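Working notes, structure below.
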Amino acid sequence: MYAQMIKSEATLDDPEKLAAFQARIDAGDKIEPKEWMPEGYRKTLIRQIGQHAHSEIVGQLPEGNWITRAPTLERKAILLAKVQDEAGHGLYLYCAAETLGVTRDEMTEMLLDGRMKYSSIFNYPTLTWADMGAVGWLVDGAAIMNQVPLQRTSFGPYSRAMVRICKEESFHQRQGFDIMMKMCKGTEAQKNMAQDALNRMWFPSLMMFGPSDKDSTHSVQSMSWKIKMNTNDELRQKFVDQTAPQAEYLGLKIPDETLAWNEEKGGYDFAEPDWDEFFEVLQGNGPCNVERIEARQKAWDDGAWVREGLMAHAEKRAALKEAAQ
Amino acid sequence: MSAALFEYLLRLGDNTLVLGHRVSEWCGVAPALEEDIALANTALDFIGQTQMWLAYAAEVEDKGRDADALAFRRDVWDFRSLLLVEQTNGDFGKTLMRQFLFDAFNVLNLTALVGSADVRIAEIAAKSVKEAQYHLERSRETVIALGDGTQESNRRMQKALDVLWPFAGEMFVVDAVDTEMQKAGIGPDLAALRGEWVAIIQPVLTSAMLTLPESDFAHKGGKTGVRHSEHLGHMLATMQFLPRAYPDAQW
């Protein structure tokens, strides 16, 4: 789940128009960019899609961290392809957000100055090769839980972007699991590396779904607009139910003593993550927040002359073409 | 024959491995999202070509090594990459200029290798040349755009050209290995490719408002492995870390 804690915007539109809009959503219509929409719907979507796009872009960094150290040519190619897919997802999502009246450059500025966020998970470091497995298995796994239902979201461009993204994400998750399998069937050191990655990534992955429903105040409006399709706790439960048996299959132990199958509810009981840590990470105090934004800022600043050069050349070309006509 | 062929294949595979690695260092930090995607794509093509060249090299060597063993278990002096591709990325301009100088050579070399008397080489070249043509199209357009962009982008591109130029000549230096390959109908006469290469790059540099350096001085030692750059050792230290640290592991 790459968008967290999205605050729904209040909306001050004409009640009749609002009711008609809601009726369209309830009927399962897709809302397209040029159609009327409540201001709150538009703003909430910009925030959500923008955050999702930023997560894809910042999310390149922890995995990019291992591209130059991938242990085989094949693993290097797979990881490169994966990180390239993420840049592609960022691109579709920025395009989807741009249809709502905000530019990619504006969104980038908002990411860099802290007005827009990205998923908390990318503020955790990737320390060993097993983290490439754990990120694919757990982080992409959690993202898919959220994104599969978002294929049915009410905003057309977002929904269509999700269809493409979901196909690639499931592939990424399988690749992550494949790395974990290889590690778990490997040497003692590789098994230890895999367990260590799970130990570090488990709770941050659970945090990806956002705070517990009882503390999540922004869901109701977004759910009625079909911008958010499930509650945080529903998705978290689904994720744990899917992941616990996979961990068992790998021979790894989820770092939660309370984790147990609950026959009555037909799902696992599990411990909540440390929400204080979650809020600290959102506040900028995660292990890598500063480095991640610094890396993006540096890329943006170092690239300024390139963007300006390309733009200047395009303008010269256009002027020449015009003069020739 | 097989010793020279092995050496020749290492040269082909090490160039793509080293340049692919360099380009992959841009992942996540390129000047624009489109460039990030394009650079990752280029790096991916090179890693794919490396797999083919080094797998064949390992077969020719016939000592039980595979492509990964060649990539991850050789030290600097066993590498046969050109000095040009070992050069650090620098700014985006230097990366693209390095790419352009190599792409123009690579297209010519691979085009010749499509007609190689060695069937495997011809097959690999046929697959790779399409990718190389696309790389050249992209790097050519970007060099022109940045050369003929702003004053600042022109200054940076000229500087990149000046810095990289002394490393370009090594691509056309012919040694005993090349001569043996040429005699066997396996590889082209590299010295003869130089004229065609200049014919590709000269008009591009002119459109890019860039001046070709006058000196023809060329650093040598990469493709023979006699004297690599200091950069290569650092690259290998990063690239080979896992297989070296966990020699018994399968990944």
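Lettering of chains follows the sequences in order, A, B, ..., and the numbering in each one begins at 1. Only a predicted model underlies this, so the values are computations on that prediction, with no experimental measurement involved.
Looking at B:Glu35, only its side chain comes within 4.5 Å of chain A, counting heavy atoms on both sides. Interface residue B:Ala43: backbone and side-chain heavy atoms are both found under 4.5 Å from chain A. Heavy-atom distances place no part of B:Asn154 under 4.5 Å from chain A, backbone and side chain included. Only the side chain of B:Met157 comes within contact range of chain A, with at least one heavy atom under 4.5 Å from a heavy atom of that chain. B:Phe72 touches chain A through its side chain: at least one heavy atom from C-beta onward sits under 4.5 Å away, while N, CA, C and O do not.
When each of B:Thr50, B:Asp66, B:Leu70 is checked for a side chain to side chain contact (heavy atoms under 4.5 Å, CB included) with A:Leu73, only B:Thr50 meets the rule.
The existence of a salt bridge linking B:Glu34 and A:Arg104 is confirmed by a sub-4.0 Å separation between a basic side-chain nitrogen and an acidic carboxylate oxygen.
In this structure, the side chain of A:Glu308 does not engage the main chain of B:Ser153 through any donor-acceptor pair within 3.5 Å. Side chain of A:Arg307 to main chain of B:Pro31: a donor-acceptor pair is present (N/O by atom type, distance under 3.5 Å, no hydrogens or angles).
Interface summary for chain A: among B:Cys27, B:Ala67, B:Gly48, B:Ala249, the most heavy-atom pairs under 4.5 angstrom belong to B:Ala249. Ranking B:Leu33, B:Val29, B:Thr150 against chain A, the residue ahead of the rest is B:Leu33, based on heavy-atom pairs under 4.5 Å. The candidate from A:Asp302, A:Asp178, A:Val306, A:Thr68 with the greatest count of non-hydrogen atom pairs under 4.5 Å with chain B is A:Thr68.
In this structure the side chain of B:Ile144 reaches within 4.5 angstrom of the side chain of A:Arg317, judged on heavy atoms. Contact check for B:Arg156 versus A:Trp305: side-chain heavy atoms found under the 4.5 Å cut-off.
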